[in-house]
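Beneath this line is the structure, given in structure tokens, with notes to follow.
Model, not experiment: these values are computed from the prediction.
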Protein chains: 2
Amino acid sequence: MENMVRLPDDETLAKLSEFYKVFGDYTRVKLLCQLRQGEMCVQDIADSIGMTQSAVSHQLRILKGMALVAGRRDGKTVFYSLADDHIAGILDMGLEHINE
Amino acid sequence: MENMVRLPDDETLAKLSEFYKVFGDYTRVKLLCQLRQGEMCVQDIADSIGMTQSAVSHQLRILKGMALVAGRRDGKTVFYSLADDHIAGILDMGLEHINE
DNA sequence: TGAACATATGAACAGTTATTCATATGTTCG
DNA sequence: CGAACATATGAATAACTGTTCATATGTTCA
């Protein structure tokens, strides 16, 4: 009874790695940290992290697909924010680790 | 005062993304989950997750470099294990997320 | 409706990365 | 020492991924 955790099945492992892969990119993690400070529209995100609108939009699509961010349309502009508090928690665990 | 968290600097963001990148690969996350159940030598890991000794060794090098696993030599064989409990915690957060 | 604006998307290219194969290093034991 | 075994490593290749450029979609307002 010293360890009850079984090796997850292949599908779960695949999903898990896909999930972490999203955090494993400089641009996306910067984007997530930026959104952590509050919702922002695409162009403002692009300006604040120094990327083109297109690149940001492509990445937001990935983040949205993985349910890490949510979009809210208001007229012409779409405001993005972190999907839930969980995400901020995961960013924190990572930051903790790299600070020893 | 509604949000005290500042955007981490570029170097921190780079480290953070590199850290998560390690979890963002099917093979490595499988390897980490396997090691979670206890220390194992390279060949046994390779057999249990269906990879060549060489591929596993290459990946272990990456994991070791990021301080996610630690190696302990005992004669000819080297036993690897998770570097600390932190790692298991990060795996758990990911598993929680993908299970909604 | 049409012009102006914000965002999304498709294709292509460049850079990155995981695996394989061959081989080197390190360890034990006769 | 030398054979046998376990692990590590270098080079090459195939597959993947992020950005760019061009353009499409969607929205507002005159």
Have A:T77 and A:D74 got a donor and an acceptor in their side chains that come within less than 3.5 Å?
no

I want to check one thing: is the phosphate of C:dA6, taken as OP1 and OP2, less than 4.0 Å away from some side-chain N or O of A:R73?
no

Winner on side-chain proximity to A:Q59, out of C:dT27, D:dG18, D:dT7, is D:dG18

Phosphate contact (C:dC5 OP1 or OP2) by A:T77 side-chain N/O below 4.0 Å:
no

Tell me which nucleotide among C:dT27, C:dA18, D:dA8 gets nearest to the side chain of B:V42.
D:dA8

How many Å lie between CZ on B:F79 and C1' on D:dA8, as a whole number?
17 Å

Side-chain donor/acceptor contact of B:H58 with base of D:dT7 under 3.5 Å
no

Any N/O donor-acceptor pair, B:S54 side-chain to D:dT9 base, under 3.5 Å
yes

Nearest to the side chain of A:R61, which nucleotide is it out of D:dG18, C:dT7, C:dG10?
C:dG10

So, OP1 or OP2 of D:dG18: does either fall under 4.0 Å of a side-chain N or O from A:T27?
no

Do A:Q53 side-chain and C:dA6 base share a donor-acceptor contact under 3.5 Å?
no

Between CG of B:D25 and P of D:dA15 the distance, given in whole Å, is 16 Å

B:L13 backbone acceptor or donor facing B:S17 side chain under 3.5 Å:
yes

For D:dT17, does either OP1 or OP2 sit under 4.0 Å from a side-chain N or O belonging to A:K21?
yes

Rounded to the nearest Å, what distance is computed from the CD1 atom of residue B:I49 to the P atom of nucleotide C:dT19?
9 Å

If the threshold is 4.0 Å, N to carboxylate O, is there a salt bridge linking B:E18 and B:K15?
no

CG of A:L63 versus P of C:dA8: gap in Å, rounded?
12 Å

Whole angstrom value for the distance that separates C1' of D:dG2 from NZ of B:K76
14 Å

Separation of B:Y20 atom OH from D:dT17 atom P, in whole Å?
20 Å

From CG of A:D44 over to C1' of C:dC5, roughly how many Å is that when rounded to an integer?
14 Å

Tell me which of B:V78 and A:G24 sits closer to the 5' end of DNA chain D, going by the nucleotide each one is nearest to.
B:V78

Closer than 3.5 angstrom, by distance alone: can the side chain of A:R28 be matched with the main-chain N or O of A:V22 as a donor-acceptor pair?
yes

Spacing of B:D74 atom CG relative to C:dT27 atom P, expressed in whole Å
12 Å

What nucleic acid atoms does A:Y80 come within less than 4.0 Å of, heavy atoms only: base, sugar-phosphate, or nothing?
sugar-phosphate

Do B:Y26 and A:D10 meet the criterion of a side-chain donor-acceptor pair at a distance under 3.5 Å?
yes

